[in-house]
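Everything on this sheet refers to the single structure shown next.
Proteins get letters first, then strands, A, B, ... in listed order; numbering begins at 1 in each. Since this is a predicted model, take the numbers as computed values, not measurements.
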Amino acid sequence: MTDRTQTFAKVAELIEPFNKKGVELTDSTTFAGDLEWDSLVVMDFVASVEDEFDILITMNMQAEIETVGQLVDAVDKLKTED
Amino acid sequence: MTEALNNAMDPADEERPPTVPGRDLFSKFDALIAERQALLDTGVRDPFGLVMERVLSPTRAIIRGRETILLGTYNYMGMTFDPDVIAAGKKALDDYGSGTTGSRVLNGTYQGHRECEEALKEFYGTRHAMVFSTGYQANLGLMSTIAGKEDFIILDADSHASIYDGCFLGDAQIVRFRHNSVDDLARRLGRLPADAGKLVVLEGVYSMLGDIAPLKEMVAVAKRHGAMVVVDEAHGMGFFGEHGRGVFEEAGVEDQVDFVVGTFSKSVGTVGGFVVSNHPKFEVLRLVCRPYVFTASLPPSVVATAATSIRKLMHAGEKRAHLWKNSKRLHLGLRELGFDLATPEAQSAIIAVLLPDQQTTVLMWQALLEAGLYVNMARPPATPTGIFLLRCSLCAEHSDEDVGRIIDMFATAGRATGVIA
Ligand SMILES: Cc1ncc(COP(=O)(O)O)c(C=O)c1O
């Protein structure tokens, strides 16, 4: 598995507890539209991603992230910055 | 537009070229309008459209012709009808007129604004105090000014809207931690660059659930990571700590907190906001803080009532004790009736009753109002965790008898709506 595939798999695993409707996850799945998350779910989910990868995703960055693929890319970038 | 909506507000309406039918910038609110209408169609009164026809005292008002006990105000210390406070306001109105018509930094700083800042400095024992036109603006001003693009603001996820809005007004990097979690705060601070500027934002009392922050631990963690700390004591001023300064005083972290934000709209009993600090360069904020510069200052009568009230709050030990007694008694009474409360015991003068959904909450709210008791109804997005609640906030002027009546009213309304058995 490449790094990106691994990150995707881990992110997908973290999405699962909040994926109430069992939406199939691809790079283009959107958090607000497809997963129908409100800001409270986003807060919980972001905290779990931060803790899993030991990174920080600021609210400024979160504003730019709409899809699962964008999140995976952001996580990979933040991991290598450390 | 439908016939009903096409009122006489704008006679030019008819001449406008037709656009996509019914779609305009307001369309984004359609879901909210529909939800609200559906609720009102069930026959309940609008919890957000209430009018106080007359106000008799800090604890009584006439609502729809009926004398009602007020249990949903921020008038914790009951200062709004204090004779000294009223007299000071009337005198200032006579001596200085009805308004300043100007910014604090131009023609809007009168003797009274200075005296109000002096009263705050004495109350908090700080070297500096800056009075804003509201507490909302005090938070907007501090958050947006003190932290720049390279700096980090680390805030509790349940922070008040004015704190969030202050962050959005500025350019800082914003990091959130889970509500009241010391570990979560520590982990996030640990991931930040050691040499970056950091501001940790905390509140003494969180206003929706009435829970207090573990400030001793949180401030220690923040300081260990070299962060500055601001505590918003909007709901703590007047009755926590030896001098009534707030939860941070009670937690014994006064010397560690860099800024305290507060408001005159709660315990002080009027309107206005402030920041106090001992930082040697604090005064420069008067020049760079946009929500301080680009708005008119408070009217002379308002700062006069605020200063008088603040000075009286320094010696309000008895009122404070009575308010604590009432808060604990109401909490216990409601708990014993079987209501689900947001905190295991009374942590502040706010007692939040948790309810399962919007419909039940509104029914319960209405039953109480009809019995002669006003409480706040709160729903998302004002509430933090997607919950509905009735928020009771006590006032030092509620008598023992009032508290007994309030508990009885809750019992009756709770049984009538099926919330309790
Ligand atoms: C925690 C907190 N901060 C600030 C404010 C704003 O205060 P003001 O009413 O003076 O704008 C409030 C009031 O709602 C508050 O609850």
- Please examine the side chains of B:K149 and A:N60, heavy atoms only from C-beta on, and report whether any two atoms are closer than 4.5 Å. no
- Item | Atom CZ of B:F26: over 12 foreign heavy atoms under 6.0 Å | no
- Message: Donor-acceptor pair, distance only, cut-off 3.5 Å: does the side chain of B:R191 make one with the backbone of A:I55?
- Response: yes
- Could you tell me whether the side chain of A:T58 reaches within less than 4.5 Å of the side chain of B:V175, counting heavy atoms only? yes
- Message: Report which part of A:D38 has an atom under 4.5 Å of a heavy atom belonging to chain B: side chain, backbone, both, or neither.
- Response: neither
- Task: Might you point out which heavy atoms bring A:S39 and B:R176 nearest each other, and give the distance in Å?
- Result: O-NH2, 4.3 Å
- Part of B:F168 lying under 4.5 Å from any heavy atom of chain A: side chain
- Heavy-atom distance under 4.5 Å to chain B: side chain of A:Q62, backbone, both or neither? side chain
- Tell me, yes or no, whether the heavy-atom count around A:E24 atom CD, taken from other residues, nucleotides or ligands under 6.0 Å, exceeds 12. no
- Query: Say you draw a straight line from CD of A:E50 to CZ of B:F177; how long is it, rounded to the nearest 0.5 Å?
  - Reply: 12.5 Å
- A:R4 atom CZ: more than 12 heavy-atom contacts under 6.0 Å: yes
- Going from CD1 on B:I174 to CG on A:L56, what distance comes out if it is rounded to the nearest 0.5 angstrom? 12.5 Å
- Taking atom CD of A:E52 as the centre, does the number of heavy atoms from other residues, nucleotides or ligands within less than 6.0 Å exceed 12? yes
- Trace of the side chain to side chain contact (heavy atoms under 4.5 Å, CB included) decision for B:R188 with A:D51: CA-CA 9 Å; B:R188 275 155 186 75; A:D51 290 344; 3.3 Å; yes
- Is the NZ atom of B:K223 crowded by more than 12 outside heavy atoms at less than 6.0 Å? yes
- Quick one: pull up CE in A:M59 and CG in B:L155 and give me the separation to the nearest 0.5 Å. 7.0 Å
- Message: Is B:R187 close to chain A through its backbone or its side chain, or both, or neither, when contacts mean heavy atoms under 4.5 Å?
- Response: side chain
